[in-house]
Amino acid sequence: MTQSDSVPCDAVGRRIMYRDEYGTVRFVGTVASAPGVWLGVEWDNPERGKHNGTHEGVQYFQCSHPTGGSFIRPQKANFGVDFLTAVRDRYGQEGNQGIQDCRGNPLRWGKKPIEFLGSQDVKQRWFDALLIVSVSGCQVSHVNEEEEISEVCPNIIELDLAKNLLASWDKVAQITRQLRKLEHLDLSQNKLAIISSPVSLSDAFTNLKALAIQHNGLTWAQVLECAPMWPVLERAHFSSNAISELERPVGVLRSLTLLDLSSNPLADENQLVHIAYLPRLEQLILSNTGLTSLHFDDVQQDGKSAMFPKLKFLAIDKNRISEFSTVNELNKLRSLEQLKFSDYAMVEHEKNAKTVRQLIIAKLGCLNVLNRTEISADERKGAELDYRKRFGKDWLKAGGHQDPEKNRPNKEFCAEHPRYQSLIEKYGAPEVSEMEQQKLFALKDQLLALTIRCPDNPDQKLLEKKLPDSMTIQKVRGLLHRLLKVPGTELKLTYISSKMDMEIDMDNDLKPLSYYSIESGDCILVRW
């Protein structure tokens, strides 16, 4: 839309952009002591505003934030472009003007602009061939009535409309209704008003299987209000919104196989019961949601829950879970195969990320993949045998016994180690000699045989040292200062694992070597 002093007749409620800032028009008209027409804008970024819509004691419009509003002249507001203009700008102009990006700048090969040559029929076949289209950040705001999207680019399957100026769901529907093959849609970073009867727009999303609505400020109540529009939706990405309290979906989202709620401020773990009975849900992403625990109270510890019956993949990383009781609860999920759970709080508690991985593997017999890494048969066997020995003494104290007839550990031990009995059945009860041997060699096992190399100083001899895994990086710096005569603060420390060719930073002076999962045989690299 060409900017001028004129204001669109439907300006109130429209989305605009001004100097890379996005906002919503809340008022059009005159303002006291300021001649001419003004737009009252509520900005997405409240730091861009100056007030709450009040000027000289008069409330012209309302804002959700006390400094979220300001007035600007209409000619400064970018009300956006229509959908097909954005597509043509990005994927090729009709005529011979050359191919341009969404800002109208010509794309070039070296110094020459790329031209779109050929007959009109050739150009149309080019648009017909578009299956995946992205007009993200191209200020799309509307559809021109005279345009026929279905005639220009009818075969679009995947469409990215993120970070545009679409103001409502009916504006989106005007685009998607003409794309009968559309299956994937990204509407992230759009502030979309919900119409009074969302189900009336369901004909615009009849084949939609994957939907991303991220950074939109959505609540779960709004998700459920919109859900009748998406009758066959399978994959829903709702991360980074304002979802804190959940409600049980009734008659909607029945086809959902993946639900991403990451980076939402969930009130507590009790909210999850509301989505626990989605019949086809196989993947649930709850990363960075503030969770401190999980529990499935419909069954005892050794039972299988009716909650999340089809769930195969669960992500609960970047939360505040520090107790292994949550891992024990995951045993109740009847279909769980993959888990993402590299939680810092638990690593802090155990002092070693590798130990945490071993404990999780031992506690969850159904798991095939942990933190995107497949669990081999040897890794599982090693983890389970170590677990069996590590807690052998606790088992004996709790009433465990090598004689199956006398093996009756108490309820507290069984609740804390629900798989221990099955591990005994699998490998046999731990012998006293095994547990004593583990104690004798515990300190020896904690000494790491490491090589220290200075890659930028080839004249410096290779050093070999045995260091305790509890030694902090700060103390390692002190040791290297004495050995190399270089101030510790100037040293950059990394290490290369003997098992994989990847250099890993050791940049937290307060962490022990064990925090970085360093093992004997690894090489510390020192640079300055």
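Not measured: the values here are computed from a predicted model.
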Between Ser244 and Ala267, is there a donor-acceptor pair closer than 3.5 Å when you use the side chain of the first and the backbone of the second?
no

List the steps and the verdict of salt bridge (Lys or Arg N to Asp or Glu O under 4.0 Å) for Asp505 and Lys492.
CA-CA 8 Å; Asp505 287 332; Lys492 175 178 172 56; 3.3 Å; yes

Return yes when atom NZ of Lys310 has more than 12 non-hydrogen atoms of other residues, nucleotides or ligands closer than 6.0 Å, and no otherwise.
no

Out of curiosity, Glu158 CD to Leu131 CG, how far, rounded to the nearest 0.5 Å?
10.0 Å

Donor-acceptor side-chain pairing of Asn328 and Ser325 below 3.5 angstrom
no

Do you know which two heavy atoms are closest between Gly23 and Asp44, and how far apart they sit?
CA-OD1, 4.0 Å

Close side-chain approach of Ile285 and Leu314, heavy atoms under 4.5 Å:
no

Donor-acceptor pair, distance only, cut-off 3.5 Å: does the side chain of Trp220 make one with the backbone of Glu247?
yes

Side chains of Asn155 and Lys181: is there a donor and an acceptor less than 3.5 Å apart?
yes

Ring centroid separation for Tyr277 and Phe308, is it under 6.0 angstrom?
no

Here the pair of heavy atoms bringing Val140 nearest to Ala86 is CG2-CB, 3.5 Å

Result of checking Lys191, Arg15, Glu42, Arg14 against Thr24 for side-chain hydrogen bond (donor to acceptor under 3.5 Å, both in side chains):
Arg15

Can you give me the closest heavy-atom contact between Ser141 and Phe79, atom names plus distance?
OG-O, 2.9 Å

State, yes or no, whether a side-chain contact exists between Glu337 and Cys366 at a heavy-atom distance under 4.5 Å.
no

Rounded distance (nearest 0.5 Å) linking atom CG of Leu336 with atom CG of Leu311
6.0 Å

Begin with the C-alpha distance, continue with both residues' side-chain angles, and end with the deciding distance and a verdict on side chain to side chain contact (heavy atoms under 4.5 Å, CB included) for Ile149 and Leu84.
CA-CA 7 Å; Ile149 296 172; Leu84 279 184; 3.9 Å; yes

Side chain proximity check, Met307 to Val273, heavy atoms < 4.5 angstrom:
yes

With no hydrogens and no angle check, just 3.5 Å: does a side-chain donor-acceptor pair link Gln214 and Ser240?
no

Please report whether the ring centroid of His51 lies less than 6.0 Å from that of Phe71.
yes

With distance as the sole test, does Asn164 use its side chain to make a donor-acceptor pair with the main-chain N or O of Cys138 at under 3.5 Å?
yes

May I ask you to test the Ile504-Thr494 pair for a side-chain heavy-atom distance under 4.5 Å?
no

With a 4.5 Å cut-off on side-chain heavy atoms, are Leu161 and Leu185 touching?
yes

Counting distance only, does the side-chain N/O of Arg380 pair as donor-acceptor with the main-chain N or O of Leu367 below 3.5 Å?
yes

Do side-chain atoms of Asp186 reach the backbone of Leu211 as a donor and acceptor pair under 3.5 angstrom?
no

Side chains of Ser263 and Asn288: is there a donor and an acceptor less than 3.5 Å apart?
yes

Rounded to the nearest 0.5 Å, how far apart are OG of Ser239 and CG of Leu259?
10.5 Å

Could you check if a side-chain atom of Glu225 sits within less than 4.5 angstrom of a side-chain atom of Pro198, using non-hydrogen atoms only?
yes

Test side-chain hydrogen bond (donor to acceptor under 3.5 Å, both in side chains) applied to Asn270 and His295, step by step:
CA-CA 8 Å; Asn270 297 317; His295 52 82; 3.0 Å; yes

Might you work through the side chain to side chain contact (heavy atoms under 4.5 Å, CB included) test for Lys354 and Gln358, ending with a clear yes or no?
CA-CA 6 Å; Lys354 183 180 178 182; Gln358 289 180 323; 4.1 Å; yes

To the closest 0.5 Å, what do you measure between CG (Leu246) and NE2 (His274)?
6.5 Å

Using modelled atom types only, decide if a donor and an acceptor are shared between the side chain of Asn319 and the backbone of Leu286 within a distance under 3.5 Å.
yes

Is there side-chain contact between Phe324 and Thr326, with heavy atoms separated by less than 4.5 Å?
no

Working to the nearest 0.5 angstrom, can you tell me the gap between Arg320 CZ and Ser293 OG?
10.5 Å

Would a distance-only check, ignoring hydrogens and angles, find a side-chain to backbone donor-acceptor pair under 3.5 Å from Asn241 to Ile213?
yes

For Ala362 against Ala383, the heavy-atom pair lying closest together
CB-O, 3.7 Å

No-hydrogen, no-angle side-chain donor-acceptor test under 3.5 Å, Asn52 and Thr54:
yes

Has Thr257 got a side-chain atom pairing as donor or acceptor with Glu234's backbone, closer than 3.5 angstrom?
yes

Side chain to side chain contact (heavy atoms under 4.5 Å, CB included) evaluation trace for Ser305 with Arg334:
CA-CA 7 Å; Ser305 174; Arg334 60 181 69 242; 6.0 Å; no

Checking side-chain polar atoms at under 3.5 Å, does Asn190 have a donor or acceptor matched by the opposite partner on Lys163?
no

Output for pair (Asp10 CG, His142 NE2), nearest 0.5 Å, gives 9.0 Å

Quick test of your reading of the model: are Glu384 and Lys381 salt-bridged, counting only N-O distances below 4.0 Å?
no

Can any side-chain N or O of Asn45 pair as donor or acceptor with the backbone N or O of Glu47 at less than 3.5 Å?
yes

Between Asn78 and Gln139, is a side chain to side chain contact (heavy atoms under 4.5 Å, CB included) present by the stated rule, with each step listed?
CA-CA 8 Å; Asn78 179 354; Gln139 294 86 55; 3.7 Å; yes

Dump the intermediate steps for side-chain hydrogen bond (donor to acceptor under 3.5 Å, both in side chains) on Asp317 and Ser287, then the final yes or no.
CA-CA 5 Å; Asp317 56 312; Ser287 309; 2.5 Å; yes

Salt bridge between Asp260 and Arg235, side-chain N to carboxylate O under 4.0 Å?
no

What is the minimum heavy-atom distance between Arg357 and Ile375, and which atoms define it?
NH2-CG1, 4.0 Å

Do Ile194 and Cys226 have side chains that get closer than 4.5 Å, going by heavy atoms?
yes

Which heavy atom in Arg180 sits nearest to a heavy atom in Arg177, and how many Å separate them?
NH1-O, 2.8 Å

Does CD in Gln62 sit with more than 12 non-hydrogen atoms of other residues, nucleotides or ligands closer than 6.0 Å?
no

Against Ser70, only a single residue in Trp38, Trp43, Tyr18 fulfils side-chain hydrogen bond (donor to acceptor under 3.5 Å, both in side chains); can you say which?
Trp43

Without swapping roles, check the side chain of Asn331 against the backbone of Glu329 for a donor-acceptor pair under 3.5 Å.
no

